[in-house]
2 protein chains.
Amino acid sequence: MKGERTRQSILEHAVNIASLEGLEGLTIGRLADELKMSKSGLFAHFGSKEELQLATIESARERFIESVFRPALKAERGYPRLMAICRGWLAYVKKGVFPGGCFFAAASFEFDGRPGPLRDAIATVMDAWIDSIEKAVAMAQEEGHLDRDIEPAQLAFEINALFFGANFSYQLRGDRKALERAMEAIEARLESLRIVTPTRQLRRVRR
Amino acid sequence: MKGERTRQSILEHAVNIASLEGLEGLTIGRLADELKMSKSGLFAHFGSKEELQLATIESARERFIESVFRPALKAERGYPRLMAICRGWLAYVKKGVFPGGCFFAAASFEFDGRPGPLRDAIATVMDAWIDSIEKAVAMAQEEGHLDRDIEPAQLAFEINALFFGANFSYQLRGDRKALERAMEAIEARLESLRIVTPTRQLRRVRR
DNA sequence: CCTACCGATCGGTAGG
DNA sequence: CCTACCGATCGGTAGG
């Protein structure tokens with residue numbers, strides 16, 4: 001039990017370091033120092049640096065899901081949930097859920113040229129995430145909220161690109177408007193694909 | 001003269017390594033090994049690792065400009081040049097001008113959380129690049145090819161986001177359609193802004 | 001451009 | 001969880 005608590009606090013710290021300095025910039029010595037543990041004591045929790053990195057990715061995945069994906073599931077299927085995902089993602093960057101911006105955007109670019117288990121783990125998380133966006137798009141089409149002509153994979157690609165572009169402009173360029181720019185682009189794109197039924201419009205006007 | 005040639009060949013190799021493993025993953029020992037030089041012989045060209053990294057960024061910038069920006073200047077001002085920039089960027093990823101995908105996308109995400117001269121150098125290159133896109137948009141508006149209502153900074157943001165999203169999907173996810181998806185999104189967006197029809201204006205005014 | 005070094009830090013191990 | 005250690009590699013220097 002206590003070992004598990006220690007392990008969790010190590011990983012929370014590891015995720016924060018990695019989001020700023022990269023997963024390769026994460027070193028056991030520094031992590032132990034900052035947590036006032038011995039290197040070997042910390043090391044014993046994982047067995048190898050790669051296992052530590054894999055556990056760090058998994059911890060980051062959980063934090064991401066709790067912060068962005070799970071809250072969005074409270075919104076109604078279809079257009080509202082798709083919008084909740086988008087607003088949630090931008091809010092997650094603004095809130096600084098990871099101190100260095102989106103952990104997975106950084107990890108994706110860090111490992112896209114390095115084959116191995118770390119790259120595979122990151123790709124698996126990202127595949128699942130893009131798939132979640134695609135599913136939200138498909139649901140919006142099924143509910144009759146969104147034009148069926150658009151391929152879910154295409155729209156998911158575009159939405160994710162605007163997320164990454166927002167993270168880039170916000171974190172590197174310090175563009176305070178970056179998150180609003182992304183939202184504006186997403187809204188314009190979704191609006192152009194939206195199917196507004198008369199009943200729905202009436203309900204909106206009355207509200 | 002000969003020293004300069006050696007320096008250039010060191011930097012070309014350094015750029016390739018850094019595009020795959022990151023600017024921090026670039027080490028003097030490995031670089032010297034692969035170039036069959038002594039560490040200290042290579043080191044003497046730069047004086048410090050940071051100077052090597054800064055020179056690597058500058059070398060990558062030159063390669064990028066020669067590959068993407070300068071060819072696009074041959075296209076006519078306005079819409080054609082803006083399209084040439086977009087096609088050129090996607091072709092540059094497809095051709096593998098840098099073996100690990102876009103050097104500056106990777107460097108941006110690697111250093112956005114690490115203040116210092118390297119981050120500043122990368123930010124300066126990216127600011128200039130985004131500015132080039134903005135200028136191309138503004139010219140297209142001046143030439144009467146593009147709706148003047150769109151803010152150049154907004155459209156440049158969107159185009160760059162689609163570039164980064166394409167690089168991500170292509171490099172990490174291995175999505176062969178990624179570059180076409182980005183082009184499709186860019187074309188759809190530009191097409192929607194291309195000519196201001198009376199109908200469109202009416203709808204806008206009413207809002 | 002080289003050989004021969006330096007102290008610091010890396011991931012990891014032995015033994016408790 | 002610790003101390004005490006290992007070989008390898010890091011950026012960098014001295015001297016030629």
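Below, chains carry the letters A, B, ... as their sequence lines are ordered, and counting in each starts from 1.
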> Does a salt bridge link A/Glu187 with A/Arg87, judged by any charged N lying under 4.0 Å from a carboxylate O?
Replying inline: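 Yes.
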>> Taking CD in B/Glu76 as the centre, count heavy atoms belonging to other residues, nucleotides or ligands within less than 6.0 Å. Is the count above 12?
In response: no
> Which one of A/Arg5, A/Glu12, A/Glu4 satisfies the side-chain hydrogen bond (donor to acceptor under 3.5 Å, both in side chains) criterion with A/Gln8?
Replying inline: A/Glu4
> Where the side chain of B/His45 is concerned, which of D/dT3, C/dG12, C/dC1 is the nearest nucleotide?
Replying inline: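 The answer is C/dC1, which lies nearest to the side chain.
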>> Can you identify which nucleotide, out of D/dT13, C/dC2, C/dG11, has its nearest atom closest to the B/Phe43 side chain?
In response: D/dT13
> Looking at B/Phe64 versus B/Phe98, is the centre-to-centre ring distance below 6.0 Å?
Replying inline: no
Please report the distance, rounded to the nearest Å, between [atom1] in [X] and [atom2] in [N].
X       : N      : atom1 : atom2 : result
A/Leu26 : C/dG12 : CG    : P     : 12 Å
B/Lys39 : D/dG11 : NZ    : C1'   : 6 Å
B/Leu31 : D/dG11 : CG    : C1'   : 13 Å
B/Gln53 : D/dG11 : CD    : C1'   : 11 Å

> When you match A/Ser40 and A/Thr27 each to their closest nucleotide on DNA chain C, which lands nearer the 5' end?
Replying inline: A/Thr27
> Applying a 3.5 Å limit to both distances, which nucleotide forms a Watson-Crick or G-U wobble pair with D/dG11?
Replying inline: C/dC6
> What is the pairing partner of C/dG16, taking Watson-Crick or G-U wobble pairs with both distances under 3.5 Å in any strand?
Replying inline: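 Matched C/dG16 with D/dC1 under the 3.5 Å cut-off.
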>> Determine whether a donor-acceptor pair (one donor, one acceptor, N or O, separation below 3.5 Å) exists between the side chain of B/Lys49 and the base of D/dG12.
In response: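 Absent.
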